[in-house]
S.K.: 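Please find one structure pasted underneath; my questions will follow.
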Amino acid sequence: SMLPDMAAGPRFIPRVLGPYTKKTESPIFEKGRIGSALVLGSGAAIYSNGSNIDFQGRGAIAMWVKPLEWARPNGSNIVFAMTAGSQFYLQRQGPLRAPEGKLIRSECIQFLVKASTAQKQFTSLNRYSPWKNGQWYLVVANWAWPKMEWSINAGPFAAKALSGVPEKEFFGSLIIGSRGGEKGLLDEVMVFNRPMNRNEVSMLFELSD
């Protein structure tokens with residue numbers, strides 16, 4: 001199920017979509033860290049922000065990701081979470097090499113945000129360490145605009161600043177999961193109404209280990 005364990009009001013019942021190749025099917029679930037995990041590539045769910053998610057002001061999102069069939073030296077992009085309209089992304093950027101071996105696109109995990117429709121390029125936080133298939137990773141992303149920051153596996157926060165505060169009602173609904181790309185698992189997705197601090201992230205990492 002893509003229904004949340006906790007949410008403010010019925011507006012948070014999601015619209016659930018299957019994979020791009022078989023749109024009528026439902027997302028697939030496999031054994032996760034706690035209960036079942038969504039299989040990345042098998043579907044996604046769209047959640048109205050409402051009183052649950054304040055993308056406009058401040059908040060945090062935490063999730064566990066487990067690569068299963070992430071290909072190298074060439075691999076696809078895989079979205080973990082994003083907003084409708086593509087203003088806010090958490091994703092894996094797959095590596096890409098030319099036939100002669102030249103690197104065209106580096107493999108990295110990315111937190112990408114735009115502040116306005118006029119902004120041509122994303123403000124991005126990137127982690128270039130390739131993730132191992134079969135291993136879980138905790139991703140926590142904070143925002144308190146113009147500041148954005150993130151932590152992976154309870155490590156120190158890396159931070160950047162947007163060029164400005166996002167436009168009013170700029171961010172679309174929250175989309176969890178992906179309808180294509182290489183197989184992985186997504187589990188224990190949590191949204192908070194304020195940024196998490198390092199101690200809270202460490203506690204979450206240890207409690208879920």
Side-chain angles (χ1 to χ4, degrees), residues 2-20 23 27 38 40-65 76-94 108-127 137-152 157-181 184 186-196:
M2 299 294 283
L3 290 174
D5 292 323
M6 182 183 298
R11 284 187 60 198
F12 213 57
I13 295 174
R15 177 187 174 202
V16 180
L17 303 169
Y20 289 120
K23 298 180 180 180
L38 172 69
L40 291 167
S42 75
I46 304 173
Y47 301 85
S48 299
N49 297 344
S51 57
N52 289 280
I53 311 167
D54 182 15
F55 279 121
Q56 200 63 43
R58 63 182 197 143
I61 185 168
M63 63 190 68
W64 284 92
V65 181
S76 66
N77 288 8
I78 304 162
V79 174
F80 314 145
M82 64 179 290
T83 55
S86 306
Q87 312 95 340
F88 179 111
Y89 272 95
L90 285 165
Q91 68 168 14
R92 178 244 190 171
Q93 175 180 275
C108 57
I109 307 302
Q110 298 180 312
F111 180 19
L112 307 167
V113 183
K114 283 187 178 181
S116 70
T117 53
Q119 186 178 343
K120 300 300 182 183
Q121 300 293 328
F122 284 96
T123 302
S124 64
L125 289 164
N126 302 290
R127 176 68 65 85
Y137 297 85
L138 176 66
V139 180
V140 176
N142 287 337
W143 60 94
W145 309 124
K147 184 180 182 180
M148 56 186 281
E149 59 182 4
W150 74 341
S151 167
I152 295 178
F157 278 102
K160 279 192 175 180
L162 299 181
S163 56
V165 176
E167 297 173 344
K168 186 177 181 181
E169 298 180 355
F170 179 60
F171 296 102
S173 300
L174 174 64
I175 302 173
I176 296 293
S178 58
R179 304 176 65 194
L186 182 68
D187 202 5
E188 297 301 299
V189 178
M190 292 165 279
V191 177
F192 302 91
N193 63 2
R194 60 167 177 79
M196 298 184 72

S.K.: Between atom CG of Leu40 and atom CZ of Arg92, what is the distance when rounded to the nearest 0.5 Å?
M.R.: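 Rounded to the nearest 0.5 Å, the CG-CZ separation comes to 11.0 Å.
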
S.K.: Can you list the residues that meet the salt bridge (charged side-chain N to carboxylate O under 4.0 Å, His left out) rule with Arg194, with sequence neighbours excluded?
M.R.: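 Partners of Arg194 under the salt bridge (charged side-chain N to carboxylate O under 4.0 Å, His left out) test: Glu200.
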
S.K.: Any chance the rings of Trp64 and Tyr137 have centres within less than 6.0 Å?
M.R.: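 That pair fails the under 6.0 Å test.
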
S.K.: With a 4.5 Å heavy-atom cut-off, do Val113 and Leu162 have their side chains touching?
M.R.: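 Yes, at least one pair of side-chain atoms sits under 4.5 Å.
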
S.K.: Testing the basics here: between Pro195 and Ala144, what is the closest heavy-atom pair and its distance to 0.1 Å?
M.R.: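 That would be CG-CB, 4.2 Å.
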
S.K.: Would the distance check show the side chain of Arg127 and the main-chain N or O of Ser151 forming a donor-acceptor pair, the cut-off being under 3.5 Å?
M.R.: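 No, because the side chain of Arg127 does not come within donor-acceptor range (under 3.5 Å) of the backbone of Ser151.
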
S.K.: If I take atom NZ from residue Lys120 and atom NZ from residue Lys114, how far apart are they, to the nearest 0.5 angstrom?
M.R.: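 Result: 8.0 Å between the selected atoms.
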
S.K.: Within the distance-only criterion (no hydrogens, no angle test), does the side chain of Asn193 pair as donor or acceptor with the backbone N or O of Ile53 below 3.5 angstrom?
M.R.: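 The answer is no, because no donor-acceptor pair under 3.5 Å joins these two groups.
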
S.K.: If you look at every heavy atom in Ser42 and Pro19, which pair is closest and at what distance?
M.R.: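 Minimum heavy-atom contact is O-CD, 3.0 Å.
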
S.K.: If the condition is side chain to side chain donor-acceptor pair (under 3.5 Å), which residues does Gln110 pass it with, not counting sequence neighbours?
M.R.: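 Residues passing side chain to side chain donor-acceptor pair (under 3.5 Å) with Gln110: Gln91, Gln93, Asn126.
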
S.K.: If you measure from CD1 on Ile61 to CZ on Phe55, what distance do you get to the nearest 0.5 Å?
M.R.: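 Taking CD1 in Ile61 and CZ in Phe55, the distance rounds to 6.0 Å.
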
S.K.: What is the distance from atom CG of Leu186 to atom CG of Leu38, rounded to the nearest 0.5 Å?
M.R.: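 So the gap between those two atoms works out to 5.5 Å.
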
S.K.: Are Trp145 and Phe171 an aromatic pair, judged by ring center distance below 6.0 Å?
M.R.: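 Between Phe171 and Trp145, the centre distance is under 6.0 Å.
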
S.K.: Flag the pair Phe122 / Tyr89 as yes when their ring centroid distance falls below 6.0 Å, and as no otherwise.
M.R.: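 So the answer is yes for these two rings.
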
S.K.: Please check this pair: side chain of Arg58 against backbone of Trp143, looking for a donor-acceptor N/O pair closer than 3.5 Å.
M.R.: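 Here the side-chain-to-backbone pair does not exist.
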
S.K.: State yes or no: are the ring centers of Phe111 and Phe88 separated by less than 6.0 Å?
M.R.: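 Yes, they do, as the ring centres are separated by less than 6.0 Å.
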
S.K.: With rounding to the nearest 0.5 angstrom, report the CD1 to CD1 distance, Ile46 to Ile176.
M.R.: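 Taking CD1 in Ile46 and CD1 in Ile176, the distance rounds to 11.0 Å.
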
S.K.: Test of understanding: with salt bridge (charged side-chain N to carboxylate O under 4.0 Å, His left out), list the residues that count as partners of Lys147, not counting sequence neighbours.
M.R.: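 Partners of Lys147 under the salt bridge (charged side-chain N to carboxylate O under 4.0 Å, His left out) test: Glu149.
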
